[in-house]
J.: 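Right, I'll just put the structure down here and ask away after.
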Amino acid sequence: MATYTVPTLPLHPSSPLKTNFISFNFSRYNSLVSKTSIPITKWRNSRRKTTVSAQQQQRQSSSSNKKTSSEKGFDPTGFLTRHDITDKGFAQFLRERYKSLKDLKEQFFPRFANVMELSSGYELMGLHRNIQHRLDYMEWAPGARYCAVVGDFNGWSNTEHSAGKGHFGHDDFGYWFVILQDKVKEGQEPDELYFQQYNYADDFDKGDSGVTIEELFKKMNEEYWEPGEDRFLDNKRFEVPAKLYEQMFGPNGPQTEEELGEIPDAETRYREWKEKHKDDPPSNLPPCDVIDDGKEYDVFNIIDDPAWLEKFRAKQPPMDYWLELRKGRKAWSQKYNPCIPHGSRYRVYFNTPSGPVERVPAWATYVLPEVEGKQSVAVHWEPPPEDAYRWKKERPKVPKSLRIYECHVGISGSEPKVSSFSEFTEKVLPHVKESGYNAIQLIGVIEHKDYFTVGYRVTNLFAVSSRFGTPDDFKRLVDEAHGLGMLVFLDIVHSYSAADEMVGLSLFDGSNDCYFHTGKRGHHKYWGTRMFKYGDLDVLHYLLSNLKWWVEEYQIDGFHFHSLSSMIYTHNGFAVFTGDMEEYYNQYVDKDALIYLILANEMLHELNPNIITIAEDATHYPGLCEQTSEGGLGFDFYANVSVSEMWLSLLESVPDHEWNMNKVVKTLLGNGKNTNKMLTYAENHNQSISGGRSFGEILFGEIKEPFAGSENMLLRGSSLYKMIKLITFTISGRAYLNFMGNEFGHPMRVEFPMPGNDFSFSLANRQWDLVEDKGVHQDIFSFDKDMMKLDERIFSKSLPKIHHVNDTTMVISYIRGPFLFVFNFHPENSYERYSVGADEAGEYQLILDTDAVKYGGQGHLKDDVYLQRTMSNRIDGLRNCLEIMLPRRTAQVYKLTRILRI
């Protein structure tokens with residue numbers, strides 16, 4: 001290895017050494033030129049690519065060593081044994097998937113050091129302010145021949161800010177780079193010093209004191225530098241390296257390898273220099289020795305004089321001077337106008353084999369979708385630092401269990417219109433807090449072109465929907481939710497994308513469909529959406545960066561991954577599942593999609609160990625919530641969609657007396673599949689948005705005016721609604737979800753404005769006034785709030801112990817922690833003295849009764865039965881029992897308050 005060292009001006013005055021070294025690496029020299037005479041100009045042209053290659057190889061070697069040590073104990077089939085899964089074919093599939101994951105990570109290293117770096121695309125892509133008074137724009141469009149940034153800031157010119165293929169701005173990976181310089185104001189002169197930078201965003205007033213560069217250098221010379229140390233700070237500071245460069249690469253320099261000669265290592269060159277200058281007069285510079293230490297890139301400078309070393313350590317870097325050198329935004333605004341002002345509208349222009357196209361940039365962070373016939377545009381969101389939103393609240397701690405309030409901002413108001421982030425923050429968040437929930441889950445927040453799609457046909461993954469407000473409005477919403485102690489989750493749609501070509505990603509760079517599969521594979525069979533090709537490195541770069549963006553930019557606490565069955569099967573989940581394990585690893589399973597989910601969970605949990613990820617998968621894919629080190633996908637919870645489907649089917653299609661209690665319990669427990677990791681809900685947005693009816697509408701929504709029998713119908717509906725909520729909330733895992741408004745039994749479905757309803761907003765809102773009026777909705781809301789209070793005391797304990805399920809009496813009873821739950825679903829039979837087993841002998845107090853008058857019930861239980869004492873009688877396999885009164889269609893919750901020792 002040979003390293004050529006040249007003393008030069010420190011790049012940063014806070015550096016602890018007053019004299020730095022620029023190192024030119026020639027370790028790969030012999031691989032660049034042959035043994036015969038080759039012009040040095042040819043070597044110079046090839047040097048950049050080869051040097052990058054050398055760095056990539058070193059990084060790959062380093063990463064491989066780390067990977068090897070971190071994978072000790074990694075078992076790609078580890079969770080199978082724990083769950084008694086003996087299918088050899090599935091085990092082999094997991095091994096092959098793990099090998100594919102390793103191969104994919106090997107592909108990272110030429111471009112990315114690790115998965116976290118692969119997830120940082122948003123830090124470079126799109127528009128970013130550079131400290132050297134400019135904006136840098138980068139976009140990925142491998143099929144384009146020409147790229148330009150066009151907008152109202154340049155009269156929509158496709159030539160003013162552009163880059164052509166074969167010129168500066170396009171690389172081998174299909175990334176385009178365009179520089180947009182800020183404009184010098186009339187009467188001002190541009191900065192002459194290269195290192196004159198502008199601290200535009202952070203501490204924007206630093207450096208605006210008006211001190212000149214000459215004054216700063218004078219201060220440094222007098223207060224910080226030792227005599228002689230500043231010899232490279234004058235006008236001749238680049239003289240030495242310039243002469244050396246001229247000697248090596250100039251027109252009079254060596255033209256062949258032989259002429260260049262052998263370059264000795266750094267230590268040899270230093271000793272030769274020291275011998276040559278041994279008779280020089282004393283210097284004020286610190287005495288240093290240079291040690292190569294045999295490393296490819298590291299050159300160490302050692303001060304061997306104890307007195308100098310002590311003096312050196314006592315010095316403080318001139319940070320104050322450096323901050324003055326970095327002018328603040330005030331100084332910048334006096335001299336420059338921004339190349340793209342805040343709020344400017346812009347698009348990206350491509351010249352493609354199919355002709356010129358204009359598109360909304362893939363990495364745009366604020367987008368105005370097509371409105372009133374106007375084309376969609378991106379909006380440059382760069383408010384002045386003094387106006388930009390600043391976070392005020394800390395993220396709350398992750399609770400032991402989740403009570404998630406699912407909501408859609410647009411329909412969160414009472415009025416027939418699209419509600420805003422600000423209205424949601426002011427009106428809905430306090431209600432969620434009062435209701436007892438500890439997390440909100442937002443659907444439809446990410447930009448989508450058509451409002452009626454509810455936000456599931458996403459067009460711009462990095463942008464909050466402009467129809468609800470600005471990025472800063474959304475930050476305030478998240479911040480206020482955190483201040484109220486609530487986590488904020490996003491419903492993220494990475495399973496498919498909108499097919500729009502102007503504002504979405506479909507055919508983004510013309511004829512080259514870079515983000516999606518081509519042909520039938522690239523289209524969802526039934527939904528008209530596009531399917532990502534998860535095996536492409538740049539697609540992974542985009543999707544993983546998107547997750548990281550929401551966590552870092554908007555402080556999001558977790559993600560609900562929507563419709564995994566659409567992405568992990570090439571049939572998009574539209575197939576009959578018989579339970580055969582082969583269905584999870586046959587030719588219809590997309591291995592690349594599974595690998596993406598593994599990478600997403602690994603990255604998110606490394607980024608923030610408290611991040612919550614939830615999988616929505618109707619097929620119960622094995623290993624959803626198992627650790628990735630044991631062959632799982634790494635999710636924290638999975639949504640059991642079968643529960644809501646079961647309740648809807650029972651309410652709409654099965655007479656009350658034919659409900660099967662064993663089927664109810666089995667479904668609620670997820671058929672025994674990792675129950676503790678299960679998220680359950682009686683109903684989420686699907687029933688009220690996807691063309692169905694809400695439970696409130698089914699049970700009592702049509703009871704407008706009193707009529708014969710209406711009171712009994714209302715009582716039936718209210719009783720079943722409370723029982724369904726209670727058993728769903730308490731029998732399953734550590735996470736429960738409720739859709740906005742269903743905590744008080746919202747009586748109407750949701751219907752977004754669309755051509756079929758003449759774009760009516762009459763059903764695209766929530767009737768919050770029902771909570772204020774006395775009646776069934778206020779009663780259900782009171783019950784829901786009290787039910788939420790059971791949470792921590794239930795879910796901090798173990799899973800429920802089901803000890804009584806009787807299809808004849810339609811009674812279910814189970815124990816969870818200190819609580820005993822008893823349900824009587826029978827529509828006709830009440831029981832005066834019904835015996836149910838109890839774990840502990842003692843006194844049990846009734847703490848929640850769905851039949852209580854305050855919840856709209858009939859109040860059959862009297863005060864004298866609120867406290868029950870066990871009897872020594874073996875029931876349901878337990879040594880003790882309670883005899884309790886069970887009115888029809890009611891449920892009771894008892895708490896063990898006193899243990900009796902026998």
Side-chain angles (χ1 to χ4, degrees), residues 78-79 82-83 115-116 119 395-406 437-443 481-482 485-495 543-544 546-548 550-552 555-565 567-568 593-643 669-670 672-681 684 729 732-738 791-792 794-799:
F79 79 91
R82 191 165 60 256
H83 292 280
V115 176
M116 193 59 68
S119 308
R395 286 181 172 180
K397 295 181 179 179
V398 177
K400 294 181 180 178
S401 60
L402 295 173
R403 306 184 298 276
I404 303 173
Y405 193 87
E406 185 184 42
Y437 293 84
N438 58 20
I440 61 171
Q441 180 170 299
L442 299 164
I443 63 174
H482 285 167
M486 292 183 288
L487 303 177
V488 181
F489 300 155
L490 275 191
D491 199 341
I492 196 83
V493 186
H494 282 185
S495 46
L543 295 176
L544 291 172
N546 182 239
L547 296 174
K548 191 179 178 189
W550 290 104
V551 174
E552 294 201 331
Q555 302 291 299
I556 295 301
D557 304 294
F559 297 96
H560 183 282
F561 283 74
H562 172 74
S563 188
L564 295 192
S565 55
M567 65 186 291
I568 61 180
L594 293 171
I595 289 174
Y596 161 68
L597 294 174
I598 293 173
L599 292 174
N601 277 294
E602 287 183 348
M603 183 276 294
L604 286 172
H605 290 103
E606 180 182 347
L607 180 66
N608 182 355
N610 294 321
I611 285 288
I612 302 295
T613 58
I614 303 168
E616 181 187 281
D617 173 33
T619 68
H620 299 286
Y621 194 87
L624 280 173
C625 296
E626 303 297 335
Q627 295 181 9
T628 58
S629 60
E630 295 185 353
L633 299 184
F635 287 95
D636 297 293
F637 295 94
Y638 73 94
N640 187 354
V641 298
S642 302
V643 172
L669 293 177
K673 295 181 179 179
N674 215 352
T675 304
N676 198 41
K677 296 284 188 177
M678 188 166 58
L679 178 146
T680 55
Y681 45 84
N684 70 341
F729 178 62
S732 300
R734 296 183 296 109
Y736 171 81
L737 180 143
N738 170 76
D791 177 32
E792 292 292 342
I794 296 176
F795 298 118
S796 60
K797 305 297 179 181
S798 59
L799 290 173

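Bear in mind that the values here come from a model prediction, so they are computed numbers and not experimental data.
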J.: Quick one: are Phe729 and Thr680 in side-chain contact, heavy atoms under 4.5 Å?
T.: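 No. Closest side-chain heavy atoms not under 4.5 Å.
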
J.: Please tell me if the side chains of Lys400 and Arg734 come closer than 4.5 Å, counting only heavy atoms from C-beta onward.
T.: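 Answer no - side chains too far apart.
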
J.: Who passes ring pair (Phe, Tyr, Trp, His ring centres under 6.0 Å) against Tyr621, sequence neighbours left out?
T.: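 Ring pair (Phe, Tyr, Trp, His ring centres under 6.0 Å) list for Tyr621, sorted by chain: Tyr584.
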
J.: Taking side-chain hydrogen bond (donor to acceptor under 3.5 Å, both in side chains) as the definition, give me every residue that meets it alongside Glu606, ordered by chain and number, with sequence neighbours left out.
T.: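 Glu606 satisfies side-chain hydrogen bond (donor to acceptor under 3.5 Å, both in side chains) with no residue once adjacent residues are dropped.
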
J.: Side chains of Glu626 and His83: is there a donor and an acceptor less than 3.5 Å apart?
T.: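 Looking only at side-chain atoms, His83 and Glu626 do form a donor-acceptor pair, the distance falling under 3.5 Å.
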
J.: Mind checking what makes ring pair (Phe, Tyr, Trp, His ring centres under 6.0 Å) contact with Phe559, not counting sequence neighbours?
T.: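 Expected list: none.
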
J.: Could you tell me which residues satisfy side-chain hydrogen bond (donor to acceptor under 3.5 Å, both in side chains) with Ser563, sequence neighbours excluded, listed by chain and number?
T.: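 If we apply the side-chain hydrogen bond (donor to acceptor under 3.5 Å, both in side chains) test to Ser563, skipping adjacent residues, the hits are Ser566.
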
J.: Check whether any side-chain heavy atom of Val488 sits under 4.5 Å from a side-chain heavy atom of Gln555, and report yes or no.
T.: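 They are not in contact (no side-chain heavy atoms under 4.5 Å apart), so the answer is no.
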
J.: Quick one, Arg395 and Asn608 - any side-chain contact, counting heavy atoms below 4.5 Å?
T.: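 The answer is yes, as the side chains (C-beta and beyond) meet within the 4.5 Å cut-off.
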
J.: When you compare the side chain of Leu543 with that of Leu547, does any pair of heavy atoms fall below 4.5 Å?
T.: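 Side chain of Leu547 against side chain of Leu543, heavy atoms only: no contact under 4.5 Å found.
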
J.: Angle class for the Phe561/Phe635 ring planes (parallel below 30°, perpendicular above 60°, tilted otherwise)?
T.: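 Rings of Phe561 and Phe635: perpendicular, as their planes differ by over 60°.
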
J.: Going by the side chain to side chain contact (heavy atoms under 4.5 Å, CB included) test, name the single residue among Leu737, Ile440, Leu402 that passes it with Phe489.
T.: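 Going through Leu737, Ile440, Leu402 one by one, the side chain to side chain contact (heavy atoms under 4.5 Å, CB included) with Phe489 is satisfied by Leu402 alone.
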
J.: Would you indicate whether the side-chain heavy atoms of Tyr638 and Met678 approach each other to under 4.5 Å?
T.: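 Heavy-atom side-chain distance check passes, below 4.5 Å.
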
J.: Which residues pass the side-chain hydrogen bond (donor to acceptor under 3.5 Å, both in side chains) test with His482, not counting sequence neighbours?
T.: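 If we apply the side-chain hydrogen bond (donor to acceptor under 3.5 Å, both in side chains) test to His482, skipping adjacent residues, the hits are Asp557.
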
J.: Quick one: closest heavy-atom pair of Asn640 and Gly670, and the distance?
T.: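 Shortest heavy-atom contact: ND2-CA, 3.5 Å.
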
J.: Please list, chain by chain and in numerical order, all residues satisfying side-chain hydrogen bond (donor to acceptor under 3.5 Å, both in side chains) with Thr613, sequence neighbours excluded.
T.: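 Per chain and number, Thr613 pairs via side-chain hydrogen bond (donor to acceptor under 3.5 Å, both in side chains) with Asn601, Asp636.
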
J.: Measuring from atom CG of Asn738 to atom CZ of Arg403, what distance do you get when rounded to the nearest 0.5 angstrom?
T.: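 If we round to the nearest 0.5 Å, Asn738:CG and Arg403:CZ are 12.0 Å apart.
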
